[in-house]
Number of protein chains: 2
Amino acid sequence: MYEELKYWYLRDHKLFWTLSMSQIKQLCIITGFKKAKKGDIIYFSSSDVPRIFLLKKGNIKIVSIDENGNEMIKDIIQKGDLFGELTLESDKNSNEYAKALTDEVSICSFLLSDFEDLMLKNPNLALTYTKFVGLKMKRIKNNYSNLISKDAKTRLHTFLREWAEREGHFNGNKVTIENYLTQADIAQIIGTSRQTATQLLNEMEDKQLIYYNRKEILIDDFSKL
Amino acid sequence: MYEELKYWYLRDHKLFWTLSMSQIKQLCIITGFKKAKKGDIIYFSSSDVPRIFLLKKGNIKIVSIDENGNEMIKDIIQKGDLFGELTLESDKNSNEYAKALTDEVSICSFLLSDFEDLMLKNPNLALTYTKFVGLKMKRIKNNYSNLISKDAKTRLHTFLREWAEREGHFNGNKVTIENYLTQADIAQIIGTSRQTATQLLNEMEDKQLIYYNRKEILIDDFSKL
DNA sequence: ATGAAAATGTCAGCTACTTTACAATGGGGA
DNA sequence: TCCCCATTGTAAAGTAGCTGACATTTTCAT
């Protein structure tokens, strides 16, 4: 991988706006790249040394396997998101892995230790990073709060609203979302069974609220969702 | 409040181990104290300027009120925990507040801006703080994962196990937990109705797994929980 | 001590889900 | 082009846990 390209990849991320070119290059030295396509499994927590990953392109889900062998979605990572040892502590026994949801996934990574060194030299980065992690925590907290106290229908609506806000293409009150999730994925995210999710989605389609297919989801009127 | 006492209060917290005495004193200047007793409500998010709080003594719960006026437990804060604007971003519209669970709650606080300044001057503090926030995130994530995928009984068991690990007094396989929660509180935490929680607790008592009363909870054999 | 309020105990519906089971569809690789 | 398998659709039966409705017990302030 050419140094210059690596530099560009990291530089692009708003977390690194506070860093000078030379500092970014310092990180780049150990930067590695991975490519994947839909369905590919990307291990990260068990890898040799603790790393932080940056998703440059595509979408992935972080899943873990429970005692009964059931896949459990922990997080959906989108373009520009960081993932991995965000806590700055390696955690060997989590048995989590990532799975590509789209074709053309590209991930770059750097060593946790290098990142720490850089933070020590650059307190501003530390501050930015802390805010970043904090924001992520807030998002997770909100998501889960909904999961506990609301019923499946509300959860689905909330999920669609957030998804639309995050990645939808707005055209007045109409929104188009590029759909890289199966109904089974959505069910996992909103914490319900696949059948219930299917039923709710079809119900919404009957009411002309959305139009669902495997490629995209059209929301007819975002304000009515 | 005497300067020396303030200093002692902060110094005691492991987050501040990396700071020198003079640095802690810098924070102390603006430190404020609050005292509360059981049932008291402590507002913090809406207060004048963003602050970070440190619970020095007692236990409190962070709750928010949803559209229907239902109280929702967001977090249980224990002695030594930080809370408030942990994300380093003020968030006016969260309408959260804290409620004292025990008598003799004492809280100290400092200004977010002062803390940020200190972090800029002391990268090590930034690193420690980031790890701290990250750890909190991991805890929240795990808790919520359980809430979604497990049934009420499992959730109660997990909660009791964690509570015991966190604050229980072990004596071989027997554990004593000082009980500052009502069954309604526990129900909220494990995301179930009060009646179900009561039923499950009584069921466990019938099976001699625990002995519950308002003052304390005895776990007969931690390994069987 | 004594009444009121808070906390706990219990039970009978009821409902939103899950599970199981299978059918229909459609997209992509040989 | 056609077949296969992942995805989606649908329905019946079963159930965990919620709601509401009380009874009982404990706590605490006066």
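Chain identifiers are assigned alphabetically (A, B, ...) following the order of the sequence lines, protein sequences preceding nucleic acid strands; residue numbering begins at 1 within each chain.
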Under the side-chain contact (heavy atoms from CB on, under 4.5 Å) criterion, do B/Arg194 and B/Thr182 qualify, and how do the steps go? CA-CA 10 Å; B/Arg194 198 223 87 219; B/Thr182 65; over 6 Å; no

If I take atom [atom1] in residue [X] and atom [atom2] in nucleotide [N], what distance separates them, rounded to the nearest angstrom?
X: B/Ile217; N: C/dA7; atom1: CD1; atom2: C1'; result: 14 Å
X: B/Leu101; N: C/dA7; atom1: CG; atom2: P; result: 11 Å
X: B/Asn202; N: C/dT8; atom1: CG; atom2: C1'; result: 8 Å
X: A/Asn213; N: C/dT25; atom1: CG; atom2: P; result: 16 Å
X: B/Glu205; N: C/dT8; atom1: CD; atom2: C1'; result: 11 Å

Which nucleotide of DNA chain D is the first, and which the last, in the 5' to 3' direction, to come under 4.0 Å of a heavy atom belonging to chain B?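 Nucleotide range in contact with chain B: D/dG17 to D/dT27.
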
Axis deviation across the helix from C/dA1-D/dT30 to C/dA30-D/dT1, five-pair ends, to the nearest 10°: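 That helix gives 50° between its end axes.
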
Hey, are the side chains of A/Asn59 and A/Leu181 touching, using non-hydrogen atoms and a 4.5 Å cut-off?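 Contact flag for A/Asn59/A/Leu181 side chains = no.
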
Does any non-hydrogen side-chain atom of B/Met137 lie less than 4.5 Å from one of A/Lys141?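 They are not in contact (no side-chain heavy atoms under 4.5 Å apart), so the answer is no.
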
If the plane angle is over 60° it's perpendicular, under 30° parallel, otherwise tilted; pick one for B/Tyr144 and A/Tyr144.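 Judged by the thresholds at 30° and 60°, the geometry between B/Tyr144 and A/Tyr144 is parallel.
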
Relative to each other, are the rings of A/Tyr129 and A/Phe132 parallel, tilted or perpendicular (30° and 60° limits)?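 The rings of A/Tyr129 and A/Phe132 lie parallel, inter-plane angle below 30°.
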
Please evaluate residues A/Glu203 and A/Lys153 with respect to the criterion salt bridge (Lys or Arg N to Asp or Glu O under 4.0 Å), reporting the C-alpha separation (whole Å), side-chain torsions for both, the decisive distance (0.1 Å), and the verdict. CA-CA 10 Å; A/Glu203 208 176 274; A/Lys153 187 189 277 184; 3.4 Å; yes

What's the separation between atom OG1 in B/Thr196 and atom CD1 in B/Ile186, rounded to the nearest 0.5 Å?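 Output value for this atom pair is 13.5 Å.
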
If you measure from the Lys or Arg side-chain nitrogens to the Asp or Glu carboxylate oxygens, is any gap between [X] and [Y] under 4.0 Å?
X: B/Lys61; Y: B/Asp185; result: yes
X: B/Arg139; Y: B/Glu162; result: no
X: B/Lys37; Y: B/Glu104; result: no
X: A/Glu167; Y: A/Lys79; result: no

Side-chain H-bond candidate by donor/acceptor type, B/Asn142 with B/Ser145, under 3.5 Å: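 No - no donor-acceptor pair under 3.5 Å links their side chains.
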
Side chains of B/Thr198 and B/Gln183: is there a donor and an acceptor less than 3.5 Å apart?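 A donor-acceptor contact under 3.5 Å links the two side chains.
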
Only counting residues at least two apart or in another chain, list the ones meeting side chain to side chain donor-acceptor pair (under 3.5 Å) with A/Asp220.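 Side chain to side chain donor-acceptor pair (under 3.5 Å) check on A/Asp220 returns A/Lys174.
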
Tabulate atom names and distances for all N/O pairs under 3.5 angstrom spanning the protein and nucleotides 17-20 of chain C.
{"residue": "C/dC17", "atom": "OP1", "partner": "A/Ala152", "partner atom": "N", "Å": "2.6"}
{"residue": "C/dT18", "atom": "OP1", "partner": "A/Thr192", "partner atom": "OG1", "Å": "3.3"}
{"residue": "C/dT18", "atom": "OP1", "partner": "A/Ser193", "partner atom": "N", "Å": "3.1"}
{"residue": "C/dT18", "atom": "OP2", "partner": "A/Thr192", "partner atom": "OG1", "Å": "2.9"}
{"residue": "C/dT18", "atom": "OP2", "partner": "A/Ser193", "partner atom": "N", "Å": "3.1"}
{"residue": "C/dT18", "atom": "OP2", "partner": "A/Ser193", "partner atom": "OG", "Å": "2.8"}
{"residue": "C/dT18", "atom": "OP2", "partner": "A/Thr196", "partner atom": "OG1", "Å": "2.6"}
{"residue": "C/dT20", "atom": "O4", "partner": "A/Gln195", "partner atom": "NE2", "Å": "2.8"}

Heavy-atom count around A/Glu165 CD within 6.0 Å, excluding the residue itself: above 12?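 Atom CD in A/Glu165 is packed in, count exceeds 12.
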
Stretch residues 175-183 of chain A: residues that reach within less than 4.0 Å of DNA chain D through a heavy atom: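 A/Thr182, A/Gln183, in order of number.
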
Protein-nucleotides 28-30 of chain C N/O pairs under 3.5 Å:
none

